[in-house]
Amino acid sequence: MATNRLVQREKVAIYAKAMFDAANASGGKETVLEVRNQMGQVKDLMYSDMELSMALSSPDYTPEQRRQLAEAVFADCNMAFREVAAVMAENGDAAELPRVYRAYTELMEKELHFCVVDVVTAVELDDDLRKLIKDKVQADLGLDAMLSESIDKSILGGIIMSVNGMRIDASMISQLNRARHTLKETDGGES
């Protein structure tokens with residue numbers, strides 16, 4: 001069993017390295033970031049679409065059929081991602097995508113000395129806040145930061161940031177939920 005995990009870990013490392021090297025060679029940091037973002041979107045898609053997830057790993061399809069399916073589904077993705085994802089599907093390893101994503105992110109940090117900070121706000125960030133976030137990451141992690149920004153009006157205000165698996169939720173909705181929870185505890189404790 002341990003050998004099987006070791007083999008899988010090595011496969012994950014090979015997939016991540018092949019994808020990283022191809023992306024970096026074809027366009028540097030910007031392409032590396034593009035592939036990382038596409039991989040994240042596909043990873044989320046596979047969590048929400050079990051039919052696709054199962055088809056890409058199903059022994060009911062031949063390896064060639066799984067490869068062709070991956071190539072068709074990911075046709076609009078960067079070639080570095082598309083080709084490696086097709087090989088993963090062909091080998092029946094599509095379910096390893098979340099682990100490949102983590103390994104790829106580690107390579108970004110190790111090889112290019114930068115990380116991606118996913119930032120969600122209710123309104124667009126201004127340049128001063130962008131600089132503040134990047135400076136903070138540089139000071140805390142010693143890495144250059146690239147921001148992956150998205151807007152989600154449902155958080156009402158504030159900011160949600162995640163980097164290296166750490167998440168900071170300073171959104172208004174989160175603060176309101178914490179206040180609501182505190183008030184419920186206070187009301188429940190008094191009689």
Side-chain angles (χ1 to χ4, degrees), residues 4-49 52-53 56-57 70-71 73-121 125 129-152 155 159-171:
N4 191 22
R5 275 188 251 154
L6 187 59
V7 168
Q8 281 306 108
R9 193 175 309 144
E10 189 61 30
K11 277 184 173 182
V12 165
I14 290 168
Y15 291 141
K17 182 73 169 144
M19 197 180 305
F20 175 83
D21 288 346
N24 194 28
S26 71
K29 280 185 180 182
E30 278 70 33
T31 304
V32 168
L33 180 61
E34 174 189 13
V35 168
R36 179 248 184 212
N37 291 342
Q38 288 176 351
M39 193 177 354
Q41 291 171 344
V42 169
K43 179 176 63 89
D44 293 344
L45 173 66
M46 287 178 65
Y47 280 135
S48 65
D49 187 344
L52 172 63
S53 185
L56 289 173
S57 297
E71 288 173 343
V73 170
F74 308 134
D76 293 336
C77 292
N78 183 287
M79 189 180 353
F81 172 73
R82 184 177 62 243
E83 291 298 317
V84 173
V87 170
M88 289 174 66
E90 183 177 18
N91 293 336
D93 292 330
E96 295 293 335
L97 190 62
R99 293 179 65 206
V100 172
Y101 179 82
R102 284 190 299 276
Y104 184 93
T105 301
E106 290 170 6
L107 283 169
M108 287 174 24
E109 293 175 14
K110 181 181 172 189
E111 302 284 328
L112 299 177
H113 308 288
F114 85 95
C115 64
V116 177
V117 181
D118 293 301
V119 180
V120 180
T121 55
L125 290 175
L129 190 52
R130 282 186 189 99
K131 182 177 179 348
L132 180 70
I133 293 168
K134 288 179 178 183
D135 290 348
K136 180 71 171 153
V137 169
Q138 175 67 41
D140 289 354
L141 301 178
L143 299 169
D144 289 333
M146 294 184 85
L147 302 184
S148 177
E149 301 174 34
S150 60
I151 295 175
D152 180 356
I155 69 170
I159 190 167
I160 300 171
M161 295 185 299
S162 59
V163 64
N164 295 344
M166 297 178 294
R167 180 180 164 106
I168 299 169
D169 188 344
S171 64

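Counting from 1, the numbers follow the sequence of the chain as shown. Predicted model only: the values in this text are computed from it and were never measured. Both backbone and side-chain heavy atoms feed into the values below; hydrogens, waters and symmetry mates do not.
Residues meeting the salt bridge (Lys or Arg N to Asp or Glu O under 4.0 Å) test with R99, sequence neighbours left out: E96. Every residue two or more places apart in sequence or in another chain that forms a side chain to side chain donor-acceptor pair (under 3.5 Å) with K136 is listed here: D140. Taking the side chain to side chain donor-acceptor pair (under 3.5 Å) definition, one finds that Y15 meets it with N91, D93, sequence neighbours left out. Residues meeting the salt bridge (Lys or Arg N to Asp or Glu O under 4.0 Å) test with D169, sequence neighbours left out: R167.
Going from atom CD of E71 over to atom SG of C77 covers 12.0 Å, rounded to the nearest 0.5 Å. Rounded to the nearest 0.5 angstrom, K134 NZ and C115 SG are separated by 11.0 Å. In this structure, CG in N4 is found 11.0 Å from CZ in R9, a value given to the nearest 0.5 Å. For the atom pair K131 NZ and Q138 CD, the distance stands at 10.5 Å (nearest 0.5 Å).
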Practice item. Apply side chain to side chain contact (heavy atoms under 4.5 Å, CB included) to I133 and I159, showing your working. Key: CA-CA 11 Å; I133 293 168; I159 190 167; 3.9 Å; yes
Would you give me the side-chain donor-acceptor pairs under 3.5 Å for residues 141-151, sequence neighbours excluded?
unit_1, atom_1, unit_2, atom_2, d
E149, OE1, R130, NH2, 3.2
E149, OE2, R130, NE, 2.7

Under 3.5 Å, which donor-acceptor pairs do the side chains of residues 104-114 form with other protein atoms, sequence neighbours left out?
unit_1, atom_1, unit_2, atom_2, d
Y104, OH, V32, O, 2.9
T105, OG1, Y101, O, 2.9
E109, OE2, N164, ND2, 3.4

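V120 and I155 make their closest contact through O-CD1, 3.7 Å (heavy atoms, listed as atom of the first residue, atom of the second, distance). Of all heavy-atom pairs between Q38 and N78, the closest is OE1-N, 2.8 Å. Residues S57 and A95 come closest through the heavy atom pair OG-N, 3.6 Å. Minimum heavy-atom separation, K43 to P98: CD-CA, 3.6 Å. Between A70 and A89, the shortest heavy-atom distance links the atoms CB-CB, 3.8 Å.
R82 places a side-chain N or O within donor-acceptor distance of the main-chain N or O of A75, the cut-off being under 3.5 Å.
Side-chain atoms of V73 and L56, non-hydrogen and from C-beta on, never get closer than 4.5 Å to each other. Looking at L33 and R36, their side chains come closer than 4.5 Å, going by heavy atoms from C-beta outward. Contact of the K11 side chain with the Q8 side chain is registered, since non-hydrogen atoms from C-beta on lie closer than 4.5 Å.
The residue from M39, M79, M19 that alone fulfils the side chain to side chain contact (heavy atoms under 4.5 Å, CB included) condition with V84 is M19.
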